[in-house]
Amino acid sequence: MAFLELHGLTKTFGGVPAVDELNISVETGEFLSLLGPSGCGKTTTLNMIAGFLDPSAGNIRLNNAPLHTVKPRDRGLGVVFQSYALFPHMTVSENISFGLEILKVPQGEARRRVEDVIDLVRLAGMAHRFPAQLSGGQQQRVALARALVIEPPLLLLDEPLSNLDAKLRDDMQSELRRIQRSVGTTTIMVTHDQSEAMALSDRIAVMNQGRLEQAGSPQEVYDKPASAFVSGFLGKTNLLHGRLQRGGDGIGVIDIAAHRFRASDDQTCSPGPVKLSLRPEHIRIGKDAEDHACRVSGQIHSRVFLGDRWIYDVNCVLGTLLVYGQSGAAPFEDAETVSMSWDAAKLRIVEAGHA
Ligand SMILES: Nc1ncnc2c1ncn2[C@@H]1O[C@H](COP(=O)(O)OP(=O)(O)OP(=O)(O)O)[C@@H](O)[C@H]1O
Ligand SMILES: [Mg+2]
């Protein structure tokens, strides 16, 4: 039994499901991200765990006990909302100690815990400032400290870094990871930012239209996406339509536009039409044809320089492929003929049975 379990968790608004039979388990100490596009049901899920919304169906168990029957304030969870909602008339330490007063923690212990958590989020020396005298990142850390000081069994974060600028967000990502690791609090973070989810999480649950598409480590969901949606949502990809065939020896081949490619051994779906994902960074591009089973030639259609790499659109028999080229290498010219190749394992079947 996992530490937190969501079973068939469902929430409908006016008959329309916002969260649709969600099954997710979270282990003790784990950092799980709920990742998905706007409106896919992330906040609704978090609100049901926090107790601010009642599920329409399904249940939630924490530590093997039903959670959805417990009143929100009795759940003792740490929650950080997108708008940090700090009390403007209270100082940093008053904001942080507020939750301990509600819990009637004795004053001496409360003072010690507030001091500890202020150190943890690196706000020493700012305890007597008011929120308006802090930067966005510092306010964010107060919100986090306020959630952590009650030593919650579960920390719920809804887009905690979304209104920080890019540089500060990067810094706060590392801070958040350091803090979560050092305290070990089981954490669920909602985000629509795939790189944030990748950088912070032990596991990512990718949601689409209220449903769970895939849950796995950042590497699993990126390298082995379970659906076309997941492969497209996590980074850039080329989606191709093809057909899986199996030879008499059982070895799979994939036909795309009259070209035949070897299928990697771990693709076990049955023969028929398939959707495939081929990531731009997995395509090697060169002037000379490599002697490789997975190879096509094409013409450069357009190119963009991004500093750390070139991005090419290459027209070929499979369609227009997005391909990354190294920044150090001499760039290919428009209309130049190039050869592209990839390892069979990088051509992933993401959906079967679609024509
Ligand atoms: N109180 C409500 N009444 C009616 N519909 C709602 C309510 N709350 C949310 N919804 C709908 O439920 C769906 C999921 O909303 P939710 O807020 O969970 O999305 P989200 O994944 O958090 O999106 P975002 O990334 O934009 O915050 C949306 O279609 C939304 O319009
Ligand atoms: Mg939301």
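All values reported here derive from a predicted model rather than from experimental measurement. Just so you know, ligand 1 is whichever comes first in the structure, and atom 1 is the first atom listed for that ligand.
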Open item on the list: Salt bridge check, Arg178 against Glu175: does any charged N sit closer than 4.0 Å to a carboxylate O?
Closed with: yes

Task: Contact flag Thr43/the Mg ion (ligand 2), N/O/S atoms, threshold under 2.8 Å - done: yes

TODO: Anything with a heavy atom under 4.0 Å from ligand 1 counts, so go ahead and list those protein residues by chain and number.
DONE: Phe13, Ala18, Pro37, Ser38, Gly39, Cys40, Gly41, Lys42, Thr43, Thr44, Glu159

Open item on the list: Heavy-atom count check: over 12 atoms from other residues, nucleotides or ligands less than 6.0 Å from Gln219 CD?
Closed with: no

TODO: Evaluate the salt bridge (Lys or Arg N to Asp or Glu O under 4.0 Å) criterion for residues Asp255 and Arg260: first the C-alpha distance (whole Å), next the side-chain angles of each, then the deciding distance (0.1 Å), finally the verdict.
DONE: CA-CA 4 Å; Asp255 290 335; Arg260 175 157 286 193; 2.8 Å; yes

Open item on the list: Applying side chain to side chain donor-acceptor pair (under 3.5 Å) to Thr237 and Ser277, what does each step give before you reach the verdict?
Closed with: CA-CA 6 Å; Thr237 197; Ser277 162; 2.7 Å; yes

TODO: Indicate yes or no: does Arg203 engage Glu27 in a salt bridge with an N to O separation below 4.0 Å.
DONE: no

Open item on the list: Just checking Phe261 against Trp342, ring centres under 6.0 Å apart?
Closed with: yes

